[in-house]
Amino acid sequence: MNFTETLHSNPIFEVIARQAAALDVRAYVIGGFVRDLILKRPSKDIDIVCIGSGIDLAEAVGRELKVPVIVFKNFGTAMLPAHPDQTIYSEATETVPGSRSLGWEVEFVGARKESYRSDSRKPLVENGTLEDDQNRRDFTINAMGISLNESDFGQLLDPFGGLDDLRRKTIRTPLEPKVTFSDDPLRMMRAIRFASQLGFDIEPDTFDAIIEMKDRLAIVSRERITDELNKIILSAKPSYGFKLLYHAGLLDLIFPELLALKGVETIEGKGHKDNFYHTLQVLDNVAERSDDLWLRWAALLHDIAKPATKRFDPKVGWTFHGHEDLGAKQVPGIFRQMKLPLNEKMRFVKKLVRLHLRPIALVKEQITDSALRRLLIEAGDDLEALMNLCRADITSKNYDRVKKHLANFDKVERKLRELDERDKLRNFQPVITGELIMDAFGLKPSKEVGLIKVAIREAILEGTVVNTLEAAIPFMIEEGRKMGLEPVKALSTHADQSVTRDSASPEGPQ
């Protein structure tokens, strides 16, 4: 198989070939780019292996293209970033200034062979041949190369039958799988990630080796494991990857909280659904609606506290009361353990886990505006994401039941839109602040100030008071008088005027 025409369509390959010839080194495109080219999948990364110095070749290509070159001296690699303003890591140095955008990230490395100690993922590296370099690749489908050399430009080099494995949709290691996984245990996660992303099977001997070698994953950093897990979560049908993780014995090592959802308990003939498989179905449902990684994490964690809240009631069967609140409390700990960001991403997931039952409770015919207002306010700008999660949470083998629930959600969403357009409650804040209350009654921070604030907030949510100064100030005064308080200032009820005026000087603002 020859890819000459395809390579000629992208000038970067001719530049690399020309500079490799000038340096008298042989160069090859290898790895994921070749795989994706054959599969007709989009690819943004190009890996170049040369028999010689990858850094020298990268610098020569960078000079011709007038693009920056990032050198990782500790690893003997260099990279041409897709865009010149790309972040340059601390261990790298920019050796060729430039401003041209390639649109591709091109990484260069010299061919090498590696050997590993049993207690470390850090290899002993030495220069090697192309065969040595292909031997160290993780899977046959990633070990294929395309020559950039004049004698066989565009020729596919496939020593391990990767092309046949692509056709068979099979993940297989180029060497004996135990050797491959012992050398780099992260490859066990990568095998499942590629299977999940591509919809491939893992060859039986390869999968058996994962089961046997799973404990070696302990030497891999949590950050790298989570990176692979996130890629599984982002696949088109992520449940497939999680089922492979479960059957390989890896899920218990990296995410035991999720595995704790598995199983069905029956008492007096009453059982509950298997919340592990339910969660995976919810994740797949969300994946059909959104590529948002954090919404998918919310799907994974929405029922995470069900094992801790499971109770059996002889009258009603199994209950999981409060699992949404307890689950929300567990989110920060899980994110910390997984080395996921503890910022607004975590808070988004925590909010959705806490609120995921709320819309379901609103599908009744006699829904109150007060309940809708509270949901609008608590969900804020994340309302659409919450409703996506709730729709995904409707799982049943009874199609008519699912259809009925989704129709009810349509009604709830319509009412929420109407109420939001009328009352503008997204990111709601009462117009009456604690400072205004203290100023009006001459108070310092106190219990009374808090009670008045709560009373005003509840009145606005119930719809008995409109969230304007004109409506809220009289209500505030009345609530204060119930506590024996009298205003010490006259108050303006117009939003475009000063909120308070000295009662002794009513003519102008102070």
Side-chain angles (χ1 to χ4, degrees), residues 185-186 188-189 192-193 214-215 217-234 238-239 241-243 245-246 248-263 265 272-284 286-287 290 292-311 318-358 360 378-382 385-386 388-390 392-393:
L186 187 66
M188 295 185 284
M189 290 288 298
I192 291 172
R193 185 253 289 188
K214 65 180 185 298
D215 291 334
L217 195 65
I219 69 171
V220 180
S221 72
R222 172 57 71 169
E223 289 86 350
R224 300 196 70 189
I225 291 172
T226 295
D227 183 54
E228 294 298 326
L229 188 64
N230 280 340
K231 291 174 182 177
I232 292 170
I233 292 171
L234 285 171
S239 66
F242 277 93
K243 289 172 184 176
L245 288 171
Y246 162 64
L250 294 176
L251 191 61
D252 190 36
L253 300 176
I254 65 173
F255 203 167
E257 299 90 344
L258 184 65
L259 190 56
L261 292 168
K262 191 175 184 305
E265 191 173 352
H272 56 80
K273 70 175 70 173
D274 189 310
N275 288 301
F276 174 71
Y277 290 108
H278 164 73
T279 294
L280 296 186
Q281 181 62 61
V282 174
L283 178 59
D284 282 350
V286 165
S290 173
D292 186 331
L293 173 64
W294 308 109
L295 180 54
R296 295 188 184 201
W297 265 105
L300 261 183
L301 298 180
H302 79 287
D303 280 347
I304 202 69
K306 276 193 169 179
T309 57
K310 183 169 71 172
R311 303 288 185 272
W318 294 99
T319 65
F320 304 90
H321 296 313
H323 76 272
E324 69 281 13
D325 292 323
L326 182 58
K329 291 178 181 177
Q330 290 178 348
V331 169
I334 291 173
F335 266 52
R336 192 174 295 109
Q337 171 189 312
M338 293 282 185
K339 304 297 184 182
L340 290 165
L342 300 175
N343 55 14
E344 70 278 0
K345 308 299 185 185
M346 182 273 290
R347 291 189 287 274
F348 168 82
V349 174
K350 182 178 179 179
K351 178 197 283 188
L352 262 60
V353 171
R354 179 172 60 83
L355 295 179
H356 79 272
L357 292 184
R358 293 282 290 281
I360 296 173
E378 291 196 60
D381 289 337
D382 299 320
L386 176 63
N388 267 336
L389 174 60
C390 291
D393 198 16

With a 4.5 Å cut-off on side-chain heavy atoms, are [Y] and [X] touching?
X	Y	result
Leu340	Asn230	yes
Met346	Pro341	no
Lys231	Met189	no
Leu293	Lys345	no
His321	Arg311	no
Leu283	Phe242	yes
Leu245	Asp252	no
Val349	Val353	yes

| query | Would you call the rings of Phe255 and Trp297 parallel, tilted or perpendicular if under 30° counts as parallel and over 60° as perpendicular? | reply | tilted
What distance do [X] atom [atom1] and [Y] atom [atom2] have between them, rounded to the nearest 0.5 Å?
X	Y	atom1	atom2	value
Arg347	Lys350	CZ	NZ	9.5 Å
Cys390	Leu352	SG	CG	7.5 Å
Met188	Leu253	CE	CG	8.5 Å
Asp381	Leu386	CG	CG	12.5 Å
His323	Gln330	NE2	CD	11.0 Å
Lys273	Trp318	NZ	CH2	15.0 Å

| query | So, is the end of the Lys310 side chain (NZ or CZ) under 6.0 Å from the ring centre of Phe320 and within 45° of the ring's axis? | reply | no
| Asp303 and Lys306 ion-paired at < 4.0 Å | yes
| query | Can you name the residues that form a salt bridge (charged side-chain N to carboxylate O under 4.0 Å, His left out) with Glu378, not counting sequence neighbours? | reply | Arg354, Arg358
| query | Side chains of Asp393 and His356: is there a donor and an acceptor less than 3.5 Å apart? | reply | no
| query | Counting only heavy atoms not in Lys329, do more than 12 sit closer than 6.0 Å to its NZ atom? | reply | no
| Over 12 non-hydrogen atoms of neighbours within 6.0 angstrom of OH in Tyr277 | yes
| note | All heavy atoms of Pro238 vs all of Ala287, minimum pair found to be CD-CB, 3.9 Å
| Where Met338 and Ile254 come nearest, the two heavy atoms and their spacing | CE-O, 3.3 Å
